[in-house]
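Starting from 1, each residue takes its place in the sequence as its number.
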Amino acid sequence: MAQIRPFAAYRPTPGMEARIAALPYDVYNRDEAAQVVQNNPDSFLAIDRAETSFGPEVDTYAPEVYEKAAALLHERISAGHFIKEKTPCFYLYEQIFSGRSQTGIVGCASIDDYLNNIIKKHENTRSDKEQDRIRHVDICNMQTGPIFLAYRNNYTLREIIAQAKQDPPVYDFTSEDGVGHRVWVIDAEEKIRLIGENFDKISSIYIADGHHRCASAVKVGLMRREAHPDYTGQEEFNYFLSVLFPDKELRIMDYNRVVKDLNGHSTKEFLEKIGQHFFVEEIGEKPFHPECKGTFGMYLEGRWYHLTAREEILSDDPVEGLDVSLLQRYLLQPILGIGDPKTDKRIDFVGGIRGLEELERRVHTDMKVAFAMYPTSIDELFSVADAGKLMPPKSTWFEPKLRSGFFLHDLEVR
């Protein structure tokens with residue numbers, strides 16, 4: 001069963017939270033990160049992406065970049081930008097966006113639960129991306145970016161959350177992107193006990209977002225175990241920073257596709273080939289967003305089309321039945337020649353937060369055809385993970401993103 005335990009966080013000194021909280025390190029390229037830090041030097045991105053302290057001649061992954069991250073972190077703690085909780089606590093983190101709210105419990109999850117597949121994955125990770133965060137966490141001696149976890153709705157946890165939110169939050173602000181953020185501290189021993197006991201009853205927890213951060217945190221923990229063979233299992237390095245959300249509150253957005261060319265086909269040939277496995281209906285100039293599973297929007301030469309998968313290509317398999325799998329297997333690969341979407345330079349991916357207008361813009365600038373997807377559901381994600389399988393690349397887009405800098409997990413309690 002899941003081991004979720006409280007921890008004594010470093011968190012922003014009240015009044016500084018809006019300036020410190022930052023989007024995850026991996027949503028920016030280097031130039032974008034540098035601009036964010038230039039506009040707001042207090043942003044936690046300065047620590048998460050410490051290459052922003054150097055010129056372009058310094059490699060993003062140079063040793064001095066990680067040393068700078070650790071130096072900045074401890075300088076800002078010493079300068080009073082952060083306070084340290086006196087005792088281990090759970091926290092609540094609520095995000096409000098586009099008229100909906102999601103509230104997660106902030107705590108630390110066990111690396112053993114990850115290794116034993118109680119915490120389930122649905123994506124592969126790349127070792128190069130892991131190495132970056134391994135070095136960052138190890139040198140800073142602190143986990144700074146929370147892992148986005150999901151669990152099936154639990155009545156008692158829902159009641160504890162609702163009751164705790166009756167108290168005034170310690171943080172309450174709206175960030176520049178329109179997302180509201182509120183945080184509560186749960187320090188009452190009885191509530192801490194109840195939260196832990198109820199997670200003990202949950203057999204599976206799922207990584208929603210943050211597979212690389214999670215894998216990196218686990219590997220740092222394993223490195224520390226190897227360096228301390230007398231470890232007891234209670235040390236902080238045996239746990240990683242997480243925010244756990246009930247599935248009913250989560251929303252997965254569409255993750256759309258744009259392709260550079262028609263792989264040598266004329267428009268007429270392309271539409272005829274699509275028709276072998278999809279019903280094709282021309283909509284016109286009005287953007288079309290699919291409204292149910294098995295349907296797709298397509299934008300080509302200034303016109304929108306409604307594609308519907310024919311019954312013979314549908315599947316009950318948790319992976320093969322995903323819309324992203326149907327599009328890849330019966331259109332992108334055989335017709336457009338996109339063999340491996342992870343490496344093929346002719347395809348790009350556009351998060352649903354950018355809207356259908358972004359698909360039209362890309363087709364009018366650097367791409368030829370765009371596909372609007374119906375979002376993968378949280379139940380589909382759970383089914384894939386429960387089956388021990390992996391989703392195709394770019395299957396899910398979670399919004400809003402968790403902020404870094406709200407909660408820091410010290411791996412070596414001093």
Undergrad: Between Asn238 and Gln234, do the side chains contain a donor N or O and an acceptor N or O under 3.5 Å apart?
TA: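 Side-chain D/A pair, Gln234 to Asn238: absent.
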Undergrad: Parallel, tilted or perpendicular: which one describes the rings of Phe407 and Tyr91, with boundaries at 30° and 60°?
TA: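 Judged by the thresholds at 30° and 60°, the geometry between Phe407 and Tyr91 is tilted.
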Undergrad: So how far is it from Arg19 CZ to Asn40 CG, rounded to the nearest 0.5 Å?
TA: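 Rounded to the nearest 0.5 Å, the CZ-CG separation comes to 4.0 Å.
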Undergrad: Are the side chain of Gln143 and the backbone N or O of Tyr239 linked by a donor-acceptor pair below 3.5 Å?
TA: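 Yes; judged by distance alone, with no hydrogens or angles, the pair exists.
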Undergrad: Would you confirm whether the ring centroid of Trp397 sits within less than 6.0 angstrom of the ring centroid of Tyr255?
TA: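 Between Tyr255 and Trp397, the centre distance is under 6.0 Å.
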Undergrad: Could you tell me whether Lys121 sits above the aromatic face of Tyr114, with NZ or CZ closer than 6.0 angstrom to the six-membered ring centre and within 45 degrees of the axis?
TA: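 Yes, Lys121 lies over the aromatic ring of Tyr114.
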Undergrad: Is the distance between the ring centroids of Phe148 and Phe245 under 6.0 Å?
TA: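 Yes - the distance between ring centres of Phe245 and Phe148 falls below the 6.0 Å cut-off.
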Undergrad: Ignoring hydrogens and angles, write down the donor-acceptor pairs under 3.5 Å from the side chains of residues 60-73, residues two or more places apart or on other chains.
TA:
residue	atom	partner	partner atom	Å
Thr60	OG1	Arg30	NH1	3.1
Tyr66	OH	Asp132	OD1	2.7

Undergrad: Contact between Val350 and Arg362 at the side-chain level, heavy atoms closer than 4.5 Å - yes or no?
TA: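 With C-beta onward as the side chain, the pair touches.
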Undergrad: Indicate whether the side chain of Thr125 and that of Glu130 have a donor and an acceptor atom separated by less than 3.5 Å.
TA: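 Short answer, yes.
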Undergrad: Measure from the side-chain N and O atoms of Ser383 to the backbone N and O of Asp379, and report whether any donor-acceptor pair falls under 3.5 Å.
TA: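 Such a contact is found between Ser383 side chain and Asp379 backbone.
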Undergrad: Please determine, by modelled atom types, if Asp317 and Ser315 share a side-chain donor-acceptor pair under 3.5 angstrom.
TA: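 Note: Asp317 and Ser315 side chains miss the donor-acceptor criterion.
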Undergrad: Taking side chain as C-beta onward, heavy atoms only, is Leu411 less than 4.5 Å from Val220?
TA: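 Side chain of Leu411 against side chain of Val220, heavy atoms only: contact under 4.5 Å found.
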Undergrad: So how far is it from Ile147 CD1 to Ile205 CD1, rounded to the nearest 0.5 Å?
TA: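 Nearest 0.5 Å value for the CD1-CD1 distance: 13.0 Å.
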Undergrad: With the threshold set at 4.0 Å, does a side-chain nitrogen-carboxylate oxygen contact exist between Arg251 and Glu399?
TA: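 Looking at Glu399 together with Arg251, the answer is no, because their closest N to O distance does not fall below 4.0 Å.
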Undergrad: With a 4.5 Å limit on heavy-atom distance, are the side chains of Asp200 and Ile202 in contact?
TA: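 Result no, sub-4.5 Å side-chain heavy-atom pair not found.
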Undergrad: Donor-acceptor check, side chain of Lys401 to backbone of Phe398, threshold 3.5 angstrom: yes or no?
TA: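 Present.
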Undergrad: Do the side chains of Asp138 and Arg224 get close enough for a salt bridge, i.e. N-O under 4.0 angstrom?
TA: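 Judged by the 4.0 Å cut-off on N to carboxylate O distance, Asp138 and Arg224 do form a salt bridge.
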Undergrad: Could you tell me whether Lys293 sits above the aromatic face of Tyr374, with NZ or CZ closer than 6.0 angstrom to the six-membered ring centre and within 45 degrees of the axis?
TA: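 No, Lys293 and Tyr374 do not form such a contact.
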Undergrad: Could you tell me which non-hydrogen atom of Leu45 sits nearest to which non-hydrogen atom of Thr52, and how far apart they are?
TA: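 Nearest heavy atoms, Leu45 then Thr52: O-OG1, 4.5 Å.
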Undergrad: Is the positively charged end of Arg257 above the ring of Phe296, judged by distance under 6.0 angstrom from the centroid and angle within 45° of the axis?
TA: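 No, Arg257 and Phe296 do not form such a contact.
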Undergrad: How far does CG of Asp48 sit from OH of Tyr28, to the nearest 0.5 angstrom?
TA: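 The OH atom of Tyr28 is 10.5 Å from CG of Asp48, to the nearest 0.5 Å.
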Undergrad: side-chain hydrogen bond (donor to acceptor under 3.5 Å, both in side chains), that's the test. Do Glu236 and His409 meet it? Break it down for me.
TA: CA-CA 8 Å; Glu236 292 298 327; His409 176 220; 2.5 Å; yes
Undergrad: Write out all pairs satisfying ring-ring contact (aromatic ring centres under 6.0 Å, His included) with one or both partners inside residues 332-373, taking only residues at least two apart or from two chains.
TA: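 Checked against ring-ring contact (aromatic ring centres under 6.0 Å, His included) - neighbours excluded - the pairs reaching residues 332-373 are Tyr299-His364.
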Undergrad: Looking only at heavy atoms, what is the nearest atom pair of Met373 and Asp254, with distance?
TA: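 Taking every non-hydrogen atom into account, O-CB, 3.1 Å.
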Undergrad: Out of Val369, Ile274, Leu300, which one pairs with Tyr305 under the side chain to side chain contact (heavy atoms under 4.5 Å, CB included) rule?
TA: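 Filter result, single survivor: Leu300.
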Undergrad: Rounded at 0.5 Å granularity, tell me how far CG in Asn154 sits from CG in Asn198.
TA: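 One finds 4.5 Å between CG of Asn154 and CG of Asn198.
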Undergrad: For Phe279, does the six-membered ring have the charged nitrogen or CZ of Arg310 within the cation-pi criterion, i.e. under 6.0 angstrom from the centroid and within 45° of the normal?
TA: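 That pair qualifies as a cation-pi contact.
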Undergrad: Which residue is it: Asp112, Ile134, Asp113, Leu115? I am looking for the one with a side chain to side chain contact (heavy atoms under 4.5 Å, CB included) to Val218.
TA: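 Considering Asp112, Ile134, Asp113, Leu115, a side chain to side chain contact (heavy atoms under 4.5 Å, CB included) with Val218 is found only for Leu115.
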Undergrad: Looking only at heavy atoms, which two atoms of Ser43 and Arg76 are closest? And how far apart?
TA: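 Nearest pair, atom of Ser43 first, then Arg76: O-NH1, 3.5 Å.
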Undergrad: Got a second to check how far Asp410's CG is from Lys84's NZ, nearest 0.5 Å?
TA: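 Those atoms lie 5.0 Å apart.
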Undergrad: I'd like to know if the side chain of Gln328 and the backbone of Ile338 have a donor-acceptor N/O pair within less than 3.5 Å.
TA: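 Confirmed, Gln328 side chain pairs with Ile338 backbone.
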Undergrad: Is it true that Asp386 and Arg152 make a salt bridge, defined as a side-chain N closer than 4.0 Å to a carboxylate O?
TA: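 Counted as a salt bridge, because a side-chain N and a carboxylate O are separated by less than 4.0 Å.
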Undergrad: Counting only heavy atoms not in Lys394 (residues, nucleotides, ligands), do more than 12 fall under 6.0 Å from its NZ?
TA: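 Atom NZ in Lys394 is not packed in, count stays at 12 or less.
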Undergrad: Under the ring pair (Phe, Tyr, Trp, His ring centres under 6.0 Å) test, which residues partner His211, sequence neighbours left out?
TA: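 Here the qualifying residues are His122.
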Undergrad: Just verifying a value: how many Å separate Glu32 CD and Arg49 CZ, rounded to the nearest 0.5 Å?
TA: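 Result: 9.0 Å between the selected atoms.
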Undergrad: Salt bridge or not for Arg403 and Glu17, using N-O below 4.0 Å?
TA: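 Salt bridge between Arg403 and Glu17, a charged N being under 4.0 Å from a carboxylate O: no.
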Undergrad: Quick one: does His136's side chain have a donor or acceptor within less than 3.5 Å of a partner on Ile47's backbone?
TA: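 Side chain of His136 to backbone of Ile47, a donor-acceptor pair under 3.5 Å: yes, one is there.
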Undergrad: Determine whether the aromatic ring centres of Phe199 and Tyr151 lie less than 6.0 Å apart.
TA: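 Ring-ring flag for Phe199/Tyr151: true, centres closer than 6.0 Å.
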Undergrad: What closest approach, in Å, do Pro392 and Leu322 show between heavy atoms, and which atom pair accounts for it?
TA: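 Smallest interatomic distance, heavy atoms only, reads CD-CD1, 3.8 Å.
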Undergrad: Suppose we call two aromatic rings close when their centres sit under 6.0 Å apart. Are Phe406 and Phe82 close by that rule?
TA: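 When the ring centroids of Phe406 and Phe82 are compared, they turn out to be at least 6.0 Å apart.
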Undergrad: What closest approach, in Å, do Thr103 and Lys165 show between heavy atoms, and which atom pair accounts for it?
TA: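 Result for this residue pair: OG1-NZ, 2.9 Å.
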Undergrad: Using a distance-only test with no angle check, is there a side-chain donor-acceptor pair under 3.5 angstrom linking Arg5 and Gln3?
TA: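 Arg5 vs Gln3: no donor-acceptor pair found between side chains.
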Undergrad: Is atom NZ of Lys191 surrounded by more than 12 heavy atoms (other residues, nucleotides or ligands) closer than 6.0 Å?
TA: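 Atom NZ in Lys191 is packed in, count exceeds 12.
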Undergrad: Examine the side chains of Glu360 and Trp304 and answer whether a donor and an acceptor come within less than 3.5 Å of each other.
TA: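 A pair is found: one side chain offers a donor N or O, the other an acceptor, under 3.5 Å apart.
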Undergrad: Got Leu390 and Val384 here, is their nearest side-chain heavy-atom distance under 4.5 Å?
TA: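 Side chain of Leu390 against side chain of Val384, heavy atoms only: no contact under 4.5 Å found.
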Undergrad: Under 3.5 Å, side chain of Thr13 to main-chain N/O of Gly80, donor-acceptor pair present?
TA: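 Checking the backbone N and O of Gly80 against the side chain of Thr13, a donor-acceptor pair under 3.5 Å is found.
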Undergrad: Are Arg193 and Glu197 close enough for a salt bridge, meaning some N to O gap below 4.0 Å?
TA: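 Result for this pair is yes, salt bridge flagged.
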Undergrad: Near Glu190 CD, under 6.0 Å, is it more than 12 heavy atoms from other residues, nucleotides or ligands?
TA: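 Yes, the 6.0 Å shell around CD holds more than 12 heavy atoms from other groups.
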Undergrad: May I ask you to decide if Val319's main-chain N or O and Ser325's side chain share a donor-acceptor pair within less than 3.5 Å?
TA: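 Pair found, side chain donor or acceptor close to backbone of Val319.
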Undergrad: How about Asp247 and Tyr206: do any of their side-chain heavy atoms sit closer than 4.5 Å?
TA: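 No, every pair of side-chain atoms sits at 4.5 Å or beyond.
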Undergrad: Return yes if some donor-acceptor pair links the side-chain N/O of Ser242 with the main-chain N/O of Phe240 below 3.5 Å, else return no.
TA: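 At least one qualifying donor-acceptor pair exists.
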Undergrad: Verify the neighbour count for atom CZ of Arg346: are there more than 12 heavy atoms of other residues, nucleotides or ligands below 6.0 Å?
TA: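 Yes, the 6.0 Å shell around CZ holds more than 12 heavy atoms from other groups.
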Undergrad: Hey, are the side chains of Met142 and Ile77 touching, using non-hydrogen atoms and a 4.5 Å cut-off?
TA: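 Yes; the side chains approach each other to less than 4.5 Å.
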Undergrad: Can Asp344 and Lys260 be counted as an ion pair, charged N to O under 4.0 angstrom?
TA: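 Between Lys260 and Asp344 there is no salt bridge, as every charged N stays at least 4.0 Å from the carboxylate O atoms.
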Undergrad: Could you tell me whether the side chain of Trp184 reaches within less than 4.5 Å of the side chain of Glu94, counting heavy atoms only?
TA: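 When only atoms from C-beta onward are counted, Trp184 and Glu94 do touch, with a gap below 4.5 Å.
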Undergrad: Grab the two heavy atoms, one from Ser175 and one from His181, that are nearest each other, plus how far apart they are.
TA: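 So the two residues come closest at OG-NE2, 3.0 Å.
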Undergrad: Side chain of Gln333, backbone of Tyr330: donor and acceptor closer than 3.5 Å?
TA: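 Not a single qualifying donor-acceptor pair exists.
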Undergrad: Is a side-chain donor or acceptor of Thr376 paired with a backbone partner of Ser395 at a separation under 3.5 angstrom?
TA: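 Looks like yes, one N/O pair under 3.5 Å.
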